[in-house]
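Sequential numbering from 1 along the given sequence is applied to the chain's residues.
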Amino acid sequence: MNILKAVLKEEVEPACGCTEPIAVAYACSIAARAIGKNHHTAGQNFEISGIQIVLDPGVFKNGMGVCIPNTNGRKGIKIAAAMGVICGDPDLQLEVLKNVSQADMNAAEKMVQEDKVRVFCNPELCNLHIEATIQTSFGQARAVIERSHTNVTTVLVNGNPANALVSRQPSAEPQDSPSFCEMLSDMTITDLVNLAEQMDEEDGEYIQQGIEMNVALAETGFGLGKFSSQLHELWKQALVHDDIFSSTKILVSGATDARMAGVNMPAMSSGGSGNQGIVAILVPYNVGVKTGVESQKILQSIALSHLLNVYIKQHTGKLAPICGCAIAAGAGAAAAIAHQLTGSAEIVGWAVDNVLADIAGMLCDGAKGGCTLKVITSADAAIRAAYFAAGGCHVTGSDGIIGRNPEETIKNLGRLCIEGMDHVDNTVLSIMTSKQRGDT
């Protein structure tokens with residue numbers, strides 16, 4: 001199995017809007033197609049009487065406060081679910097809400113206002129779980145997504161399986177054949193560097209598409225008057241230096257501003273997250289361009305960035321209590337820059353240790369406009385970590401959660417997320433939901 005190609009195919013894809021509420025819209029569009037498409041084409045009257053969404057705490061948290069594309073700034077899971085049922089195109093997967101009319105928007109908003117969309121968080125669910133059930137004039141349809149944002153594992157129409165719409169059909173391989181994720185999680189930093197350096201022309205072209213996609217998103221974000229605009233003002237006033245730190249932070253903040261504002265443009269994601277894709281791609285891209293690194297080397301470094309981001313999430317979980325766009329993608333970006341600077345797997349590992357020693361405790365408190373601040377911090381930390389490592393300066397195993405090698409550090413980070421922060425998401429959700437009720 002070519003692990004790099006598997007990661008690029010399964011974990012690096014265009015996504016329009018925050019991937020958690022968009023995955024809810026995708027599940028709803030699958031359910032709607034399963035029960036409604038044939039009736040529509042037959043000219044029969046098709047009515048939706050209700051939508052029920054059940055989510056794990058991570059998806060619930062990330063969907064509460066972020067703008068949904070093509071909704072005139074509306075936020076949250078309910079409007080995403082209604083849009084998915086009414087006008088979502090499941091063929092577009094994480095760009096499911098790319099084509100929306102004002103009439104669609106009005107119908108979705110009416111459905112929400114009439115309390116036809118109910119959303120529930122089940123604290124017993126984990127590792128990304130979405131159940132979308134729609135009640136219609138032709139009965140009930142249910143779609144389930146698990147483990148990754150487009151992995152549809154169950155589709156039922158009036159209790160009967162609709163297997164043609166399930167994205168992961170039973171494998172012909174033996175049951176004990178490991179998945180690419182299992183194989184990736186057992187690798188070392190040296191293995192990941194070797195994989196990146198074996199990138200072929202097809203891989204490079206796809207990575208280049210991601211660069212262009214995320215740069216275009218950043219350029220749109222600059223005009224929104226948000227954090228990237230303010231950071232640019234500070235640069236113009238000479239309050240921040242004109243260097244690769246500032247230019248990189250302006251670039252990634254522009255892309256994140258646009259994405260969190262619900263701009264109808266895709267980001268190239270990494271590990272199921274657009275913000276992680278922004279950090280994993282644009283940080284090493286900008287540093288490489290500004291320092292004159294050869295283009296093929298930049299592309300290889302971004303391949304390494306994607307690999308390491310996904311590798312870390314095998315240990316922390318897909319939706320961890322920590323901020324993945326800062327920590328997992330930040331470590332990927334630091335590794336990529338260290339690879340550009342030296343090509344040494346040892347120094348790449350030092351860069352990973354440095355960035356995790358710096359920002360490992362950053363919490364995820366849901367997707368929202370303030371994520372841009374965390375992305376800015378991540379970019380700064382990644383560049384520093386890489387240059388410190390290249391200069392021979394790095395933390396050691398005597399420091400906190402840092403292990404005897406970077407692989408052990410990442411495993412320790414996983415323990416921190418799974419064992420040490422077991423109740424963090426519930427506390428964060430309690431705070432977030434109490435604000436919505438007006439308690440605080």
Carboxylate-amine/guanidinium proximity below 4.0 Å for [X] and [Y]:
X	Y	answer
Arg33	Asp91	yes
Lys5	Asp203	yes
Lys297	Glu294	no
Glu408	Arg415	no
Asp380	Lys249	yes
Asp358	Arg384	yes

Distance, nearest 0.5 Å, that separates [atom1] of [X] from [atom2] of [Y]:
X	Y	atom1	atom2	value
Leu363	Asp425	CG	CG	9.0 Å
Ile322	Thr316	CD1	OG1	5.0 Å
Ser273	Glu20	OG	CD	7.0 Å
Ser246	Leu239	OG	CG	10.5 Å
Ile134	Lys116	CD1	NZ	12.5 Å
Thr19	Asn62	OG1	CG	7.0 Å

Ignoring hydrogens and geometry, is there a side-chain-to-backbone donor-acceptor pair from [X] to [Y] under 3.5 Å?
X	Y	answer
Asn275	Thr256	no
Asp56	Cys126	no
Thr377	Leu373	yes
Asn214	Ala267	no
Lys318	Gly272	no
Ser270	Gly277	no
Tyr206	Val12	yes
Lys61	Cys364	yes
Asn122	Val54	no

Is any side-chain heavy atom of [X] closer than 4.5 Å to a side-chain heavy atom of [Y]?
X	Y	result
Asp399	Thr396	yes
Phe60	Leu125	no
Ile383	Ile244	yes
Ser228	Thr372	no
Asp353	His394	no
Arg74	Val112	no
Ile298	Gln340	yes
Leu282	Thr248	no

What heavy-atom pair brings [X] and [Y] nearest, and what distance separates the two atoms?
X	Y	value
Leu341	Ala390	CD1-CB, 3.8 Å
Pro90	Ser29	CB-OG, 3.3 Å
Ser378	Val279	OG-CG1, 3.6 Å
Gly17	Ile22	C-CG1, 3.8 Å
Val155	Ala34	CG1-CB, 3.7 Å
Pro284	Ala333	CD-CB, 3.9 Å

Heavy-atom count check: over 12 atoms from other residues, nucleotides or ligands less than 6.0 Å from [X] [atom1]?
X	atom1	result
Lys368	NZ	yes
Tyr311	OH	yes
Lys226	NZ	no
Glu201	CD	no
Phe222	CZ	yes

Would you sort out whether Asp365 and Lys374 count as a salt bridge (charged side-chain N to carboxylate O under 4.0 Å, His left out), showing the intermediate values? CA-CA 11 Å; Asp365 56 343; Lys374 298 182 180 185; 2.8 Å; yes
Do [X] and [Y] have a side chain donor and acceptor closer than 3.5 Å?
X	Y	value
His149	Gln93	no
Ser301	His339	no
Glu212	Gln208	yes
Asn286	Ser247	yes
Glu131	His129	yes
Thr409	Asn412	no
Thr153	Glu146	yes
Asn127	Arg147	no

Using the salt bridge (Lys or Arg N to Asp or Glu O under 4.0 Å) criterion, which residues pair with Glu124? Sequence neighbours excluded. none
Could you go through the side-chain contact (heavy atoms from CB on, under 4.5 Å) check for Ile51 and Thr133 one step at a time? CA-CA 6 Å; Ile51 304 170; Thr133 304; over 6 Å; no
Report the residues that fulfil side-chain contact (heavy atoms from CB on, under 4.5 Å) with Cys16, sequence neighbours left out, ordered by chain and then residue number. Pro69, Glu95, Asn264
